[in-house]
Amino acid sequence: MELSHEKMITMYRQMLRIRYFEDRVSKLFAEGVLPGFVHLYLGEEAVAVGVCSALNDDDYITSTHRGHGHIIAKGGKLDRAMAELYGKKTGYNKGKGGSMHMAHTELGILGANGIVGGGIPIATGAGLSAKMRGTKQVAVAFFGDGGSNQGTFHESINLASAFDLPVIYVCENNLYGVGTRQSKVRKVEHIADRAVGYAIPGVIVDGNDVLAVYRAANEAVERARRGEGPTLIECKTYRWHTHFEGEPDTYRTKEEVAEWKAKEPIGRFEVYLTTEKIATAQELESIRREVMDELEAAVKFAETSPEPELHEALEDVYA
Amino acid sequence: MMRELTYTQALGEALAEEMRRDERVFVMGLDVGPYGGAFGVTQGLYDMFPGRVLDMPISEAGYVGAAVGAALTGCRPVVELQYSDWITIASDQLVNQAANMRYMFGGTCSVPMVLRAPVGGYLSAAAQHSHMFESWFGFVPGLKVVLPATPYDAKGLLKAAIRDDNPVIFFEHKQLYKVKGPVPEEDYIVPLGKADIKRAGKDVTIVTYSYMVDFSLRAAEQLAIDGIDVEVVDLRTISPLDEETILESVRKTNRLVAVQETWRPFGVVAEVSAIVAEKAVDYLDAPIKRVASKFAPVPFSPNLERYVLPSVDDIVAAVKETVGS
Ligand SMILES: Cc1ncc(C[n+]2csc(CCOP(=O)(O)OP(=O)(O)O)c2C)c(N)n1
């Protein structure tokens with residue numbers, strides 16, 4: 001599986017789209033423009049993009065409270081995502097879901113989730129459905145290291161393993177669940193090791209290396225499509241910001257944050273792309289400009305979109 | 001002058017005092033340790049009580065169940081859920097296990113635990129961080145369900161809950177954490193199962209609890225301008241429910257408006273209305289009114305959220321209807 005240059009450029013662009021989007025969301029939130037609360041994905045871009053680059057449009061994902069990156073990587077549009085964060089009618093969920101519940105079933109996005117661990121069985125069910133319907137679709141469950149302590153993780157993987165379901169469990173291990181360091185509440189060092197208990201492959205990858213993530217995901221996807229069952233992939237990564245925007249950073253050292261920022265996934269990929277002569281610095285610069293333009297248009301779209309009308313609050317409760 | 005504390009501080013003090021008083025009491029939950037809890041209630045406890053403030057893995061069924069087991073075997077755990085919505089994950093342990101144990105085991109054991117859980121909306125947090133499920137639990141024999149509305153009650157009720165030998169679900173409203181109010185220095189408890197008259201009046205009774213006490217008091221002030229004298233009964237505990245105070249008030253004012261934040265069907269307002277209809281219907285001068293959330297999950301967009309959840313104006317309007325003005 002050698003990646004085409006074009007595919008790698010697309011991966012670069014996708015990571016940038018997440019990065020710029022999240023940077024702007026951080027600013028907008030600080031300005032008090034966005035209601036509710038937001039959890040940002042900055043620093044973890046390589047995971048969503050590496051995994052989603054191995055998927056087809058009709059494959060499924062379930063996401064987490066930190067879901068903007070997954071949604072963008074799976075093909076989500078910045079404007080509609082931004083409009084949802086503004087609570088506007090044009091948002092992916094008509095302003096009813098907001099940051100934590102963004103979904104777009106046409107893109108196979110079965111929802112971000114406000115419930116830690118809530119999406120894991122849902123992806124498992126999507127995998128079951130693909131198998132029942134006899135398609136070659138796969139489903140990916142994204143979740144955090146914290147989420148891997150939920151019963152849903154263990155129960156889902158057991159089920160998927162027993163039934164050889166086409167599901168990929170992607171753990172984004174960023175070391176913390178809110179302010180609790182994961183090593184305080186979990187003895188096993190690598191979450192991937194938990195795969196042993198369910199007789200499925202458990203793979204550890206550098207979650208800041210988009211190509212490494214892609215390779216691991218691709219292998220798991222192929223395995224799933226061949227009917228050989230699920231894989232657990234643990235991506236070692238780090239979130240740059242605090243758990244949610246506006247929360248004081250009291251539980252991590254500055255050194256630790258700096259150390260991880262030095263392992264920055266996008267800059268690292270840029271170096272690879274230019275040294276391998278896949279793209280020139282100018283080409284990358286023009287992609288950056290294009291993405292920035294896309295983002296500006298998205299913010300404008302969100303700002304100028306209409307509010308939902310009040311009667312809409314009572315619609316969509318039942319089919 | 002009595003000192004003023006926030007609801008958060010009052011709760012934290014209750015925990016500290018009870019932990020000092022009884023070494024069987026301990027605290028467990030997500031980020032309750034050095035982080036101090038999602039809303040700051042356990043701030044400082046980690047250093048004050050080494051080994052008795054336990055950070056949990058994110059596994060609500062597991063740690064709430066563990067509290068049930070600890071309570072059954074000689075401890076008095078106080079568990080914090082970061083948001084009450086996730087009580088759904090822990091419900092089996094509460095409903096099928098904790099609530100039934102004493103009864104199923106022929107009264108040979110008790111489960112003295114408290115589950116603290118922040119409830120309520122008005123924060124644009126959408127449908128997985130805004131809902132209130134108190135009526136589910138009020139429905140279950142064996143559980144007690146408490147929803148304090150003031151710092152004074154928060155402290156006194158939490159202390160009572162910790163000393164109670166039953167599983168108690170203690171719902172704290174997120175909009176109240178920063179609210180300040182008088183809290184005595186000396187040890188006191190507020191008994192479970194006793195409602196409180198938060199405002200005496202003669203024309204209409206509002207029966208309510210939690211954050212809606214605030215709304216109802218504000219509505220009462222507005223109504224006073226129009227010459228309508230409202231009595232506000234704060235249930236404080238919905239199970240056991242203080243029927244006597246409700247009935248007494250309605251027999252005095254002859255009108256009832258029952259107010260709750262969450263959905264109307266099958267809710268506390270339904271129960272309160274039914275009790276009054278059964279036992280005091282002859283005293284009523286007007287049909288009972290209920291104020292509650294519209295029947296939809298809480299939406300994210302702030303305008304929609306305001307529309308779905310009850311407002312002070314809704315309460316004012318309901319009261320005016322019952323007095324026919
Ligand atoms: C069932 C449930 N429990 C607790 C929470 C509160 N909460 C939201 S995110 C989070 C931490 C999640 O950590 P992790 O799964 O590692 O993901 P990360 O935030 O690190 O991406 C917690 C405890 C929740 N939303 N749902």
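Numbered from 1 within each chain, the chains take letters A, B, ... in sequence-line order.
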Checklist entry - Top residue by heavy-atom pair count (under 4.5 Å) with chain B, among A/D316, A/I115, A/V317, A/V116? => result A/I115
Checklist entry - chain B: which of A/N113, A/T250, A/N93 shares the most heavy-atom pairs with it under 4.5 Å? => result A/N113
Checklist entry - Counting heavy-atom pairs under 4.5 Å to chain A, which of B/A61, B/G62, B/G33, B/A296 comes out on top? => result B/A296
Item to check | Ring center gap for B/F133 and B/F137 short of 6.0 angstrom | outcome: no
Checklist entry - Is chain A contacted by the side chain of B/E60, its backbone, both, or neither, given a heavy-atom distance below 4.5 Å? => result both
Checklist entry - Centre of B/Y7's six-membered ring, under 6.0 Å away, within 45 degrees of the axis: is that where NZ or CZ of B/K178 sits? => result no
Next on the checklist: In terms of relative ring orientation, are A/Y176 and A/Y251 parallel, tilted or perpendicular, with 30° and 60° separating the classes?
Outcome noted: tilted
Item to check | Part of B/A125 within contact of chain A (heavy atom distance under 4.5 Å) | outcome: both
Checklist entry - How about B/Y211 and B/F171: are their ring centres within less than 6.0 Å of each other? => result no
Next on the checklist: Under the side-chain contact (heavy atoms from CB on, under 4.5 Å) test against B/V119, which residue among B/M132, B/H131, B/E261 passes?
Outcome noted: B/M132
Next on the checklist: If I measure from the heavy atoms of chain A, does B/Y35 come under 4.5 Å with its side chain, its backbone, both, or neither?
Outcome noted: side chain
Checklist entry - Taking the inter-plane angle between the rings of B/H129 and A/F37 on a 0 to 90° scale, is it parallel (under 30°), tilted (30 to 60°) or perpendicular (over 60°)? => result perpendicular
Next on the checklist: Quick one, A/H65 with A/H101, criterion ring pair (Phe, Tyr, Trp, His ring centres under 6.0 Å). Give me CA distance, side-chain angles, the key distance, then yes/no.
Outcome noted: CA-CA 8 Å; A/H65 59 287; A/H101 310 105; over 10 Å; no
Checklist outcome for this item: Okay, A/L34 and chain B: the region with an atom under 4.5 Å from a heavy atom over there is neither
Checklist entry - For A/Q150, is it the side chain, the backbone, both, or neither that has a heavy atom closer than 4.5 Å to a heavy atom of chain B? => result both
Checklist entry - So what's closer than 4.5 Å to chain B heavy atoms on A/F153: side chain, backbone, both or neither? => result neither
Checklist entry - How about A/Y41 and A/H68: are their ring centroids closer than 6.0 Å? => result no
Item to check | Engaged part of B/F295 at the chain A interface, taking heavy atoms whose separation is under 4.5 Å | outcome: both
Checklist entry - B/L54 versus chain A, heavy atoms under 4.5 Å apart: side chain, backbone, both or neither? => result neither
Next on the checklist: If I measure from the heavy atoms of chain B, does A/E247 come under 4.5 Å with its side chain, its backbone, both, or neither?
Outcome noted: side chain
